[in-house]
Structures are given as structure tokens and as C-alpha cells.
Amino acid sequence: MPLRRLARRRSSSSSSSPSGLETGSSGRNELVAWSGEDPLRPPRRLRWRDHFALTENVLQLPHLPDCHDGLRVAQLSDVHVGQATSELRIRRAVEAVNAERPDLVFLTGDYVTHSPKPLPRVRDLLSGLDGRVFVVLGNHDHWVDAPYLRECFEQLGYTVLQNEHRVVHVNGGPVTVLGVDDGLTGRDDVEATFRGAPEAGTRLVLAHTPPTVEKLPAHAGLVQFSGHTHGGQFIVRGLTEALFRRAGQPYIRGHYQVNGNQLYVNRGLGFGFGGPYLRRGSEPEVAFFTLRQAVATATH
């Protein structure tokens, strides 16, 4: 059942973008169900609780190989399978990712919340992602049952990285995907993740908690994809940012420059819109990225 997208939020994040909280990125995507018979939801327009935003981002990277100029990445994060998240929203998100046919798909943690009851549904709802899929785990996953979730994803053919890396060939060139385990629960080991990994070329980092970016090798041309914050969850300008900084989470949503590397914090797909955990000013998100070669600045 393909999706017809009527509107899509497009934002451009480049190496010249200023650090700080992304603004104007919470626009709702107008999703319309397939015009034919829909066994999941007969009405044509999706309910508000099933909505999510599709965001487009351009990441300009220094030293990006020619073969990876235009490489496409999709990211899902903080799905929180269970009563807090619409199952239809999750399945529509999977369809939206597949419709774009990205080169790489990243899942960046927190597939459940507190209860183990939804564990079997994680595999069902996140199955069917096409292409190369890489997974890291979040704090809630470790609190509930990380070994179970790792096995579920591996049964789907997805690659789970816990302080590990993999090198895959895309468009004729190697891409190193480095997956750092969850930092909030103290399971992150950046040194182990990078041990033996290529020191050049296209290198993309997955880490559930955004502050992991501060532990990466500085000025290494890296991009880290994270989640965890839900984009602030409930936005009260000034107050939300202050509370997150006090909690050691200065990176809330969108694109940042940190120590010569780049960070993108996904707003997450779960919670809000009729569930027990409200969202305000931070809509659920499926993020897409196009990697581009950074244009050198001429000097005189």
C-alpha cells in the first residue's frame, strides 16, 4: 500500500550550519492512505494520532568520495512499540522509508518503553525494511530486554551494532558504519567501536544518546545519528532547553556541529497524539538524508 505524500518538510543541514537547536522543523506531513481499499484503516485520511513528519536533510561532508555524493540514508528512532504509539503510524513509517529506497537505513534505539509485553510486536512492526539496515540499542531496550531485541533484529536480517563497526560497499565504495552502544546506561565504548575501523572515507556513527558525539575523535569528518530526546517531547521555549541542559542533554533536535563533527538528533517516531505520553511542538519524525561533498571555501 504505497503512500501519497501531499507535503513534505524540507530542511538543509550543512557543514556551515550554526550549532544549536533546529527551528521550524516540526511541520506536519500530510499523509493520505492509499485510495483503494485499506485493510489497516478504511477512511482515506489518516487520524491525527497516526501522523508523522517526513524531513529532508542535506549533509555536506568534507572528503566525501565521489561515489558517495548523493548517497541516501533514512533514520527511524524511539519507536516505543506499545500503547504509547500507534501501530499504524509505525507501519506507515516503514512504508515511507521503503518508498524512498535509501542506500542505508538506521534504527537508533528505544524500541520499547518499560514493559516486556510489546517485545514480540517489535519484530512484526519493524519488519520489511528494504536494503541494508543497521541497528543500535537505547536505554529502554537495555532496561527491558536487550538480548531479546538483538535476536529479533538479527532474525530480520538487520545488523545490530553494540560497540562494533561494519564496512559495506555502496555505489562502488566502502562505507563504515560505527554503532556505539547506549551511553545513558554506561554501555558505550567508543574506543572499541573504532578499533580496527578505517580512518578515512565515508564514516557514519549511530548512537542512541546525542552526547556520545563529544566522545568521538575530533575533526574527523564524522556524522552521528542519534535520538533519545524526542525532540524535547513537550516544547516550552526556553524552559525545555534549560531542563535538557541540566539533565546533560544539550542536543535536543536537528543538526549540530560538535568538535569538528556533525550530529543529527531525530525527534523519534513514538509517543503523543492520544497516548499516555504527550508531545507538544515536536512531532514524530522519519528523517531522510542526502550526503553531499562539501564545497571548499576559496582563500585569497
*With a cut-off of 6.0 Å (strictly less than), are more than 12 heavy atoms of other residues, nucleotides or ligands near CD of Glu151?*
no
_Side-chain heavy-atom pair Thr176, Pro198 within 4.5 angstrom cut-off_ = yes
*Looking only at atom types and distance, does a side-chain atom of Ser115 sit under 3.5 Å from a main-chain N or O of Lys117, one as donor and one as acceptor?*
yes
*Give a yes or no on whether Gln155 atom CD has more than 12 heavy-atom contacts from other residues, nucleotides or ligands under 6.0 Å away.*
yes
_Reported CG-to-CG distance for the pair Leu161 and Asp181, which is rounded to 0.5 angstrom_ = 10.0 Å
*His165 NE2 to Arg195 CZ distance, which is reported to the nearest 0.5 Å*: 10.5 Å
*asked:* When you compare the side chain of Gln162 with that of Thr193, does any pair of heavy atoms fall below 4.5 Å?
replied: no
*asked:* Would you call the rings of His140 and His114 parallel, tilted or perpendicular, taking 30° and 60° as the class edges?
replied: perpendicular
*Please tell me if the side chains of Val112 and Asp141 come closer than 4.5 Å, counting only heavy atoms from C-beta onward.*
yes
*Just how far is it from atom CG of Leu88 to atom CD1 of Ile90, taken to the nearest 0.5 Å?*
9.5 Å
*Can you check whether Arg267's main-chain N or O pairs, donor with acceptor, with Asp78's side chain at less than 3.5 Å?*
no
*ILVMFWY cluster, Tyr111 and Leu184 together (side-chain gap under 4.5 Å)*: no
*Going by heavy atoms in the side chains, are Leu216 and Asn259 under 4.5 Å from each other?*
no
_Heavy-atom pair of closest approach, residues Ser226 and Gln224_ = OG-NE2, 2.8 Å
*Hey, is the main chain of Leu76 close enough, under 3.5 Å, to the side chain of Glu285 for a donor-acceptor pair?*
no
*Please lay out, stage by stage, how Leu61 and His63 fare under the test side chain to side chain contact (heavy atoms under 4.5 Å, CB included).*
CA-CA 6 Å; Leu61 306 180; His63 314 301; over 6 Å; no
_Could you check whether any side-chain heavy atom of Phe106 comes within less than 4.5 Å of a side-chain heavy atom of Val133, counting everything from C-beta outward?_
no
*Is any side-chain N of the basic residue among Asp69 and Arg292 closer than 4.0 Å to the acidic one's carboxylate O?*
yes
*Any idea which heavy atoms bring Gly173 and Cys67 closest together, and the distance?*
CA-SG, 3.7 Å
*Could you pull out the closest heavy-atom pair between Tyr148 and Pro120, with the gap in Å?*
OH-CA, 3.6 Å
*Go through Val122 and Asp124 one step at a time and tell me if the side chain to side chain contact (heavy atoms under 4.5 Å, CB included) criterion holds.*
CA-CA 5 Å; Val122 173; Asp124 295 337; over 6 Å; no
*Which residue, Asp110, Val81, Val286, forms the side chain to side chain contact (heavy atoms under 4.5 Å, CB included) with Leu269?*
Val286
*Within the side chain of Gln262, is there an N or O that forms a donor-acceptor pair under 3.5 Å with the backbone of Gln60?*
yes
*Has the side chain of Thr229 got a donor or acceptor atom that lies under 3.5 Å from a matching backbone atom of Ile252?*
yes
*asked:* Let me confirm one number: the NE2-CG distance from His255 to Leu59, rounded to the nearest 0.5 Å.
replied: 5.5 Å
*Which value, rounded to the nearest 0.5 Å, describes the distance between Leu149 atom CG and Glu154 atom CD?*
11.0 Å
_Non-hydrogen atoms of Gly70 and Thr290 that approach each other most closely_ = CA-CG2, 3.9 Å
*Could you walk me through whether Leu206 and Leu178 pass the side chain to side chain contact (heavy atoms under 4.5 Å, CB included) check?*
CA-CA 6 Å; Leu206 312 186; Leu178 303 113; over 6 Å; no
*Looking at Tyr256, Phe289, Tyr264, which hits ring pair (Phe, Tyr, Trp, His ring centres under 6.0 Å) with Phe225?*
Phe289
*Without swapping roles, check the side chain of Asn57 against the backbone of Ala287 for a donor-acceptor pair under 3.5 Å.*
no
_Any carboxylate oxygen within less than 4.0 angstrom of a Lys/Arg side-chain nitrogen, looking at Glu87 and Arg92?_
no
*asked:* If you define the side chain from C-beta out and look only at heavy atoms, does anything of Arg72 sit under 4.5 Å from Asp103?
replied: yes
*asked:* Would the distance check show the side chain of His208 and the main-chain N or O of Thr108 forming a donor-acceptor pair, the cut-off being under 3.5 Å?
replied: yes
_Asp188 and Lys215 ion-paired at < 4.0 Å_ = yes
*Does the distance from a Lys or Arg side-chain N to an Asp or Glu carboxylate O, for Arg89 and Glu95, drop under 4.0 Å?*
no
*Hey, is the main chain of Phe134 close enough, under 3.5 Å, to the side chain of Thr159 for a donor-acceptor pair?*
no
*Are Val167 and Tyr158 co-members of a hydrophobic cluster defined by side-chain heavy atoms under 4.5 Å apart?*
no
_Nearest 0.5 Å, please: how far is OG1 in Thr85 from CG in Leu125?_
9.5 Å
*Using atom types as modelled and distance alone, determine if a side-chain donor or acceptor of Glu283 lies under 3.5 Å from a backbone N or O of Phe52.*
no
*Polar side-chain atom of Asn261 near backbone of Gly221 as donor-acceptor pair, under 3.5 Å*: yes
*Mind listing the closest non-hydrogen atom pair of Pro217 and Ala220 along with its distance?*
O-CB, 3.5 Å
_Atom of Gly227, atom of Ser77 and distance for their closest heavy-atom approach_ = CA-OG, 3.4 Å
_Pair Val168, Leu104 - check side chain to side chain contact (heavy atoms under 4.5 Å, CB included), show working._
CA-CA 10 Å; Val168 294; Leu104 300 169; 4.3 Å; yes
*Could you tell me whether the side chain of Asp182 reaches within less than 4.5 Å of the side chain of Trp143, counting heavy atoms only?*
no
*So, do Pro210 and Leu263 sit near enough that their side-chain heavy atoms are less than 4.5 Å apart?*
yes
